[in-house]
2 protein chains.
Amino acid sequence: MRMDERKQKVLAAVIQDYILTGEPVGSRTIARRYNLGVSPATIRNEMADLEEMGLLEQPHTSAGRVPSDQGYRYYVDCLMPPAHLTPEEEEYVRRRYNQKMLEIEQVLAETTRLISEMTSYAAIALGPDQGRASLEEVQVLPIQITNKALLVAVTSTGVVEHRVLTIPAGVTPEDLNRISRVLNARLQGRALEDLRQMVLSDIYQELAQHRNLVNLVRDLLQQLLSLESGERVYRNGTLNILNQPEFKDLDRVREILSFLDQDEALRRIFMTTPSTGLTIRIGQENKIEGIDKCSVVTISYTVEGKIMGKVGLLGPTRMQYSRAISVLRCVADALSQTLEQLYR
Amino acid sequence: MRMDERKQKVLAAVIQDYILTGEPVGSRTIARRYNLGVSPATIRNEMADLEEMGLLEQPHTSAGRVPSDQGYRYYVDCLMPPAHLTPEEEEYVRRRYNQKMLEIEQVLAETTRLISEMTSYAAIALGPDQGRASLEEVQVLPIQITNKALLVAVTSTGVVEHRVLTIPAGVTPEDLNRISRVLNARLQGRALEDLRQMVLSDIYQELAQHRNLVNLVRDLLQQLLSLESGERVYRNGTLNILNQPEFKDLDRVREILSFLDQDEALRRIFMTTPSTGLTIRIGQENKIEGIDKCSVVTISYTVEGKIMGKVGLLGPTRMQYSRAISVLRCVADALSQTLEQLYR
DNA sequence: TCTTAGCACTCGAAACATAAGAGTGCTAAC
DNA sequence: GTTAGCACTCTTATGTTTCGAGTGCTAAGA
C-alpha cells in the first residue's frame, strides 16, 4: 500500500490529536478538527488502511484509533513539524547554566532538574566515563586531631572524590607529603581503569620502606583502586510518571519507578543507544524489559567535539516528541558549552 | 467505661489480626483464631464497647472492625508484647556494620539500606547537625594543569566537603599553602554556623594583601559560608510503600512519594519528634499534611552519650510496630557503636 | 474510479438489579 | 454475665440493560 499525501495528513492528525488528548481518536473528530476537506467516511477508509499498514491500532472495534509504535516512528521520522523553543525559553535555559557551577556533577544534576522541569518527563543523564579519565591530582592530607588522613583524587573530567583513611601512629605529615609526591609522580595522567593493570608494586616498594607505612600504603592503593570508574548516573523527576494518565496502573508504575531507581538499569538505557547525536526509542524499540510502554529520547553532550556523556528523558510513548527534542537539543547545547568553559 | 482484661485481649487480638491480614476483622474470626474462651456474641459486645471508646472503627455496618489511631496507640503503649530480633538477625546487623566504612555519610546510607531491607518500610535518617559541628581542617589544594584549586573542609562530625575554585593567574602553590595555614589557624575549632557571624574581614585583610589574591580569597570565604550547614537527610526503600495494600490509590501514593522526595519534608518529620530515644507517631499524630495515614517510628543515635542524629522508618499505620521497634533499636545501637569507633 | 451518505453492527462504559455473604446489633433464654 | 438465634445492613460480585461512540459496508453520486 502506498503512503500518499492524504494518508500522511490523516496519520499526523491522529497522532497529534492523541498526543494532545490521550483519547482514542475517531474519524469524526479528525474531520471536524483538522480540515482535510474530506468526509469522515473517507477518513475512515484511510484509517483502515493505516491500520493495515501497522501504523494505527484499535483498542477495540468501536473505539477510535491509537498510534502504534511504528506509527509514532513514522511520525517522528517523516511527519513531525520541526519545533523550536521560544526565545524566552532558550534564554531561561542559558540563565540556568549561568549560575556558578564549577563541578561537572553539579552541572549534570542541574541539567536533569532543568529537563524534567521543562518537559514533565523523567530526566536522566550519564556522566563521563571515569574509567577512561586520567588522574589529574592525588593528595593525601593529614587531618589534625584525629588519626585520620584524607585521600583526595581529581580526575581529568573534573570529578573530585575523597576517601578517609586511618593512619597508623607515628606517621608524620611529612610522610604523607612524600607519599603524595610519589603518587602524583607515578599516577598523574594515568587512566583510572589502567590502574588495576598497572604495576602498583613499584609504588608499594618505593613507599613502604618504613615499617609503619606498610599498612597505610596498602590501604591507600586499595582505596585508589576503589574509585568509582564507571559513568555516574543522574536522574530527576521520576515521579512525573505518576502524572501520566497511561500509568494509572500501580503495577506498571512500580515497574517503571523501580527500573529508574537502579543505576545499572539507567546505564543500560544509554548503553543500547548509538553513541552519537540524538536518539529516539519508541516503546518496544527499547529492548529493555519494563519500559516497553515508554519512549526514551537521548542526546549526547560534547566537549571540544568529543562526546562526554548523554542526557535524556523517559516518558510515555504518547510523548510530545517535538517538545522533548527541542528541549534536549537546547539543553545539550548549553550543557556542552558550560562544560567547555569548565574545562578550559 | 473501664478497660478490663478481656477488653484488652480482644483489642490486642483485633489489632494483631488486622496487622497480619489487612482485612477488617470480625467477632467470629477472633473467637476462632484466638481462644479467649468466649463466644462471638460476647466479643461483639466487647468490640462495640471498644468502638465507643474510640479504639476501633467500622468501615461500614457489615464489615469487621479496624483499629483507629487511638487503638494502635493503646496497643503500642500497653498491650504490645516486647519483641526481639533473633540472634541471627542481630548478628546480621553487626556484620553489615563491620564493613570498612570510614565516613559517616557512608554509614548512614548503609543504615537506611539496612532498615528498609529488614522492615520493607521506607527508611529515613538525619545526619548530625553540620551547623554546630566545628571545622577540623581546611585546605586549599592546587590542582596541576588547570587553573583550578580545591577547597577541602573536614568537620568534627567527619563530614568531608569540597569545592572547586578558579584561581587567578599568578597565584602560586605557595600562596595557596599560606592561605591554608591562615584559614586553619583562624577557623579550626569554629562552628560552621558561627562563621557567618564571625568577622571574616580579619582573614580577608590578612590574606588579601596581594592584589591577585583578592578575588580568590573572597571567593574562598564565600564557598566556606556555603558549606552545607543543616542536617543531611538520607532515605531508602521509599518505593516499598507501593507494596502496601492500603496504598493502592495513586493519589495517595503520589502524595507520600512526593513528600518523601523532599529533604525539607523529612527534616520536618524529625524536627517534630522529641530529641531523645524512641518515638512512635501514629497516623494523625503526625501533624504533617500528607502522611496522616502513615506511622513514623524514629530513634536517636548517639556518640559518647550525645545525640548525633536520628534514624527511622515510615510505613502504613497498619505497621508491624514490634518488628519496627526491635529493628530500629538494634540498628541504632550498632550505628552508635560504629560511629563511636569512627570518632575515636 | 473516487467520494460520501446512510445504516446496521460492535463493543465498552455506565447504570441498574439481583444475589450472596460477611458481620453486626438486639432480644430472649440460659 | 453469657450466648444462641435471628433479622438487618451493607459491600461485593455478577448479570442485565441501555447508551453512545465509532466502525465497516453498501450503494448512490460525482
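Each chain gets a letter, A, B and so on, in the order its sequence line appears, and its residues count up from 1.
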**Asked** Of all of residues 35-61 of chain A, which get a heavy atom below 4.0 angstrom from DNA chain D, listed by number?
**Response** A/R44, A/M47, A/Q58, A/T61

Please determine whether a side-chain nitrogen of the Lys or Arg among [X] and [Y] lies less than 4.0 Å from a carboxylate oxygen of the Asp or Glu.
X: B/R318; Y: B/E246; value: yes
X: A/R323; Y: A/E89; value: yes
X: B/R235; Y: B/D261; value: no

[X] side chain to [Y] backbone, donor-acceptor under 3.5 Å:
X: A/D17; Y: A/V14; answer: no
X: B/S300; Y: B/K310; answer: no
X: B/S68; Y: B/L55; answer: yes
X: B/R252; Y: B/K293; answer: no
X: B/N286; Y: B/C294; answer: yes
X: B/Y321; Y: B/V297; answer: no
X: A/R6; Y: A/V38; answer: no

**Atom pair distance, as rounded to whole Å: CZ in B/R2 and P in D/dG1** =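 These atoms are roughly 12 Å apart.
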
**Prompt:** Could you give the CD1-to-P distance, from A/I30 to D/dG22, as a whole number of Å?
**Reply:** 11 Å

**Prompt:** Can you list every pair that meets side-chain hydrogen bond (donor to acceptor under 3.5 Å, both in side chains) and has a residue in residues 47-58 of chain A, with sequence neighbours left out?
**Reply:** A/K7-A/D49, A/E51-A/R65

**Message:** Among residues at least two apart in sequence or on other chains, which ones pass side-chain hydrogen bond (donor to acceptor under 3.5 Å, both in side chains) with B/E91?
**Reply:**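 Expected list: B/R94.
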
**Message:** For nucleotides 17-22 of chain C, give me one character per nucleotide, 5' to 3': B if any protein heavy atom sits under 4.0 Å from the base, S if the only such contacts are to the sugar-phosphate, - if neither.
**Reply:** -----B

**Asked** Going by number, which of residues 6-28 of chain A have a non-hydrogen atom under 4.0 Å from DNA chain C?
**Response**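 Hits under 4.0 Å, by residue number: A/R6.
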
**Asked** Looking at DNA chain C, which of residues 243-253 of chain B put a heavy atom within less than 4.0 Å of it?
**Response**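 Nothing qualifies; none.
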
**Item:** Test side chain to side chain donor-acceptor pair (under 3.5 Å) applied to B/Y92 and B/E117, step by step
**Value:** CA-CA 12 Å; B/Y92 177 68; B/E117 179 195 305; 2.7 Å; yes

**Request:** Tell me whether the OP1 or OP2 atom of C/dG23 has a side-chain N or O from B/R65 closer than 4.0 Å.
**Result:**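 So the side chain of B/R65 is outside the cut-off, no N or O lying under 4.0 Å from OP1 or OP2 of C/dG23.
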
